[in-house]
Amino acid sequence: MSQQQQIIDWLQQDVQRMAALRTVRRLGLNDWCLGAGFVRNLVWDWRHSHAAATPLNDIDVIHFDAARPQAERDRMLEARLQQWLPQPWSVKNQARMHQRCGRAPYRDSEDAISFWIEIETAVGARLNADDSITLIAPFGLQALFSDSVTFNAKSGDAAAFQQRLAAKRWLQLWPRLRVID
């Protein structure tokens, strides 16, 4: 089985993640996915044979809508999601997120996540209208299945990488992980 199909199977078996995917799909967003820990933690849990899934401290919803980049709209979308399914939602329109780092505008969501600090974090999942799942992975999936946490040099923020390693306690939660920086 391919790594892509393995992740899709694991997502389909995860009641909480499928509920989140169905809920976000209701918004009808352009070029969206659930990313960061949503996929990364799932894979690391399975690879580390965790009996229970690591709790999601937030659910990162990314989308790309150049016509409506306002942060207020994202807060409205978060509130709507919270009404539909109470979770720690974080909605970010990638059409404006380049400004935080002084970068050129992103082309789309995949381009945006290609700047995330870890290669393994730069994976997202979208639930399509026909209930199929599409994965967005600008660096592929190999690193995610290699028990590694890899600094993404494209992000240009090695200090943030080290801060995230310490704050998120990944090496304690998933002890087989090795750091590649």
Side-chain angles (χ1 to χ4, degrees), residues 2-46 50 52-101 105-141 144-145 152 155 164 168 170:
S2 71
Q3 293 170 338
Q4 178 175 321
Q5 189 57 52
Q6 184 64 79
I7 293 172
I8 290 169
D9 288 353
W10 288 338
L11 285 167
Q12 290 170 333
Q13 294 172 40
D14 190 303
V15 173
Q16 180 185 15
R17 282 177 170 83
M18 287 305 297
L21 285 164
R22 284 186 193 97
T23 302
V24 175
R25 180 177 64 185
R26 289 177 60 190
L27 292 173
L29 297 173
N30 182 48
D31 188 16
W32 70 274
C33 69
L34 300 184
F38 188 82
V39 176
R40 182 199 61 224
N41 293 4
L42 174 74
V43 172
W44 286 351
D45 280 348
W46 275 96
H50 284 193
T54 304
L56 292 168
N57 57 357
D58 65 356
I59 300 176
D60 292 295
V61 180
I62 70 160
H63 65 107
F64 193 90
D65 186 349
R68 296 181 284 182
Q70 300 82 7
E72 299 80 34
R73 181 162 188 274
D74 285 347
R75 286 191 290 276
M76 181 272 300
L77 293 169
E78 284 175 3
R80 187 174 298 159
L81 289 168
Q82 189 65 29
Q83 289 174 339
W84 292 340
L85 182 67
Q87 293 289 333
W89 298 102
S90 173
V91 177
K92 298 286 186 285
N93 184 347
Q94 301 303 298
R96 74 166 188 283
M97 298 309 292
H98 66 283
Q99 298 166 347
R100 292 184 357 172
C101 301
Y106 300 132
R107 292 183 309 275
D108 53 26
S109 289
E110 184 170 1
D111 184 39
I113 69 174
S114 77
F115 286 91
W116 287 1
I117 295 173
E118 308 87 27
I119 299 291
E120 295 79 3
T121 301
V123 178
R126 174 187 314 119
L127 186 64
N128 301 306
D130 66 357
D131 283 341
S132 65
I133 295 174
T134 297
L135 297 181
I136 299 162
F139 302 108
L141 300 170
L144 191 53
F145 280 83
N152 178 8
S155 76
R164 286 172 56 83
K168 294 189 176 280
W170 291 326

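Because only heavy atoms are used, hydrogens play no part in the values below, and waters and symmetry mates are left out as well, while side chains stay in. Residue numbers run from 1 in the order of the sequence given.
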Q. OG of S155 to CD1 of I113: how many Å apart, nearest 0.5 Å?
A. 13.5 Å

Q) Between D9 and Q5, does any side-chain donor sit less than 3.5 Å from a side-chain acceptor? A) yes

(Q) So which atom in G140 and which in V123 form the shortest heavy-atom distance, rounded to 0.1 Å? (A) O-CG2, 4.4 Å

Q: Compute whether any side-chain donor of one residue and acceptor of the other, for T121 and R40, lie under 3.5 angstrom apart.
A: yes

Q.
Between Q94 and S109 (side chain of the first, backbone of the second, donor and acceptor by atom type, cut-off under 3.5 Å), is there such a pair?
A. no

Q.
Would you say that R68 contacts N30 through its side chain, given a criterion of any heavy-atom pair below 4.5 Å between the two side chains?
A. no

Q. Taking it one step at a time, do R26 and R80 satisfy side chain to side chain contact (heavy atoms under 4.5 Å, CB included)?
A. CA-CA 10 Å; R26 289 177 60 190; R80 187 174 298 159; over 6 Å; no

**Q.** Flag side-chain contact, heavy atom, 4.5 Å: S114 against F139
**A.** yes

**Q.** Parallel, tilted or perpendicular: rings of W170 and W44 (30°, 60°)
**A.** perpendicular

Q. Between D131 and R22, does at least one N-O distance fall below 4.0 Å, as a salt bridge requires?
A. no

(Q) Ring-plane angle category for H98 and Y106, please: parallel below 30°, perpendicular beyond 60°, tilted otherwise. (A) perpendicular

**Q.** Nearest non-hydrogen partners of W116 and A112, listed with the distance
**A.** CD1-O, 3.8 Å

Q. Say you draw a straight line from OG1 of T23 to CD of Q83; how long is it, rounded to the nearest 0.5 Å?
A. 12.5 Å

**Q.** Side-chain heavy atoms of V39 within contact of L144, under 4.5 Å
**A.** yes

Q: Taking the side chain as every heavy atom from C-beta outward, state whether V24 and W89 have any pair of such atoms under 4.5 Å apart.
A: yes

Q: Nearest 0.5 Å please: distance from the CD atom of E78 over to the NZ atom of K92.
A: 5.5 Å

Q) How far apart are the closest heavy atoms of L141 and I7, and which atoms are they? A) CD2-CD1, 3.8 Å

Q.
Does any part of the side chain of L77, heavy atoms only, come nearer than 4.5 Å to the side chain of H63, both counted from C-beta?
A. yes

Q: Write down the atom of A125, the atom of L21, and the distance for their closest heavy-atom approach.
A: O-CD2, 3.5 Å

Q. Do you know which two heavy atoms are closest between A66 and P69, and how far apart they sit?
A. O-CD, 3.5 Å

(Q) Quick check for you: to the nearest 0.5 Å, what is the distance between L42 atom CG and D14 atom CG? (A) 6.0 Å

Q: Please test I117 against R164 for side chain to side chain contact (heavy atoms under 4.5 Å, CB included), starting from the C-alpha separation and ending with a verdict.
A: CA-CA 9 Å; I117 295 173; R164 286 172 56 83; 3.8 Å; yes

Q: Considering only NZ, NE, NH1 and NH2 on the basic side and carboxylate oxygens on the acidic side, decide whether E72 and R75 come within less than 4.0 Å.
A: yes

Q: Could you list the residues that satisfy salt bridge (charged side-chain N to carboxylate O under 4.0 Å, His left out) with R107, not counting sequence neighbours?
A: D111

Q | N41/R17 under side chain to side chain contact (heavy atoms under 4.5 Å, CB included): CA gap, chis, key distance, verdict | A | CA-CA 11 Å; N41 293 4; R17 282 177 170 83; 4.0 Å; yes

**Q.** Min side-chain heavy-atom separation E110-F64 under 4.5 Å
**A.** no

(Q) Which residues pass the salt bridge (charged side-chain N to carboxylate O under 4.0 Å, His left out) test with D74, not counting sequence neighbours? (A) R96

**Q.** Between CZ on residue F38 and CG on residue D60, distance to nearest 0.5 Å
**A.** 10.5 Å

Q: Can you see which heavy atom on L56 is nearest to which on G37, and at what distance?
A: CD2-O, 3.9 Å

Q. Does some side-chain heavy atom of F145 sit less than 4.5 Å from a side-chain heavy atom of Q6?
A. yes

Q. When rounded to the nearest 0.5 angstrom, what is the spacing between CD in Q12 and CG in L127?
A. 9.0 Å

(Q) I want to check something: taking the side chain as every heavy atom from C-beta on, are L81 and I59 in contact at a cut-off of under 4.5 Å? (A) no

Q: Check the pair R126 / L29 against side chain to side chain contact (heavy atoms under 4.5 Å, CB included), numbers first and verdict last.
A: CA-CA 11 Å; R126 174 187 314 119; L29 297 173; over 6 Å; no

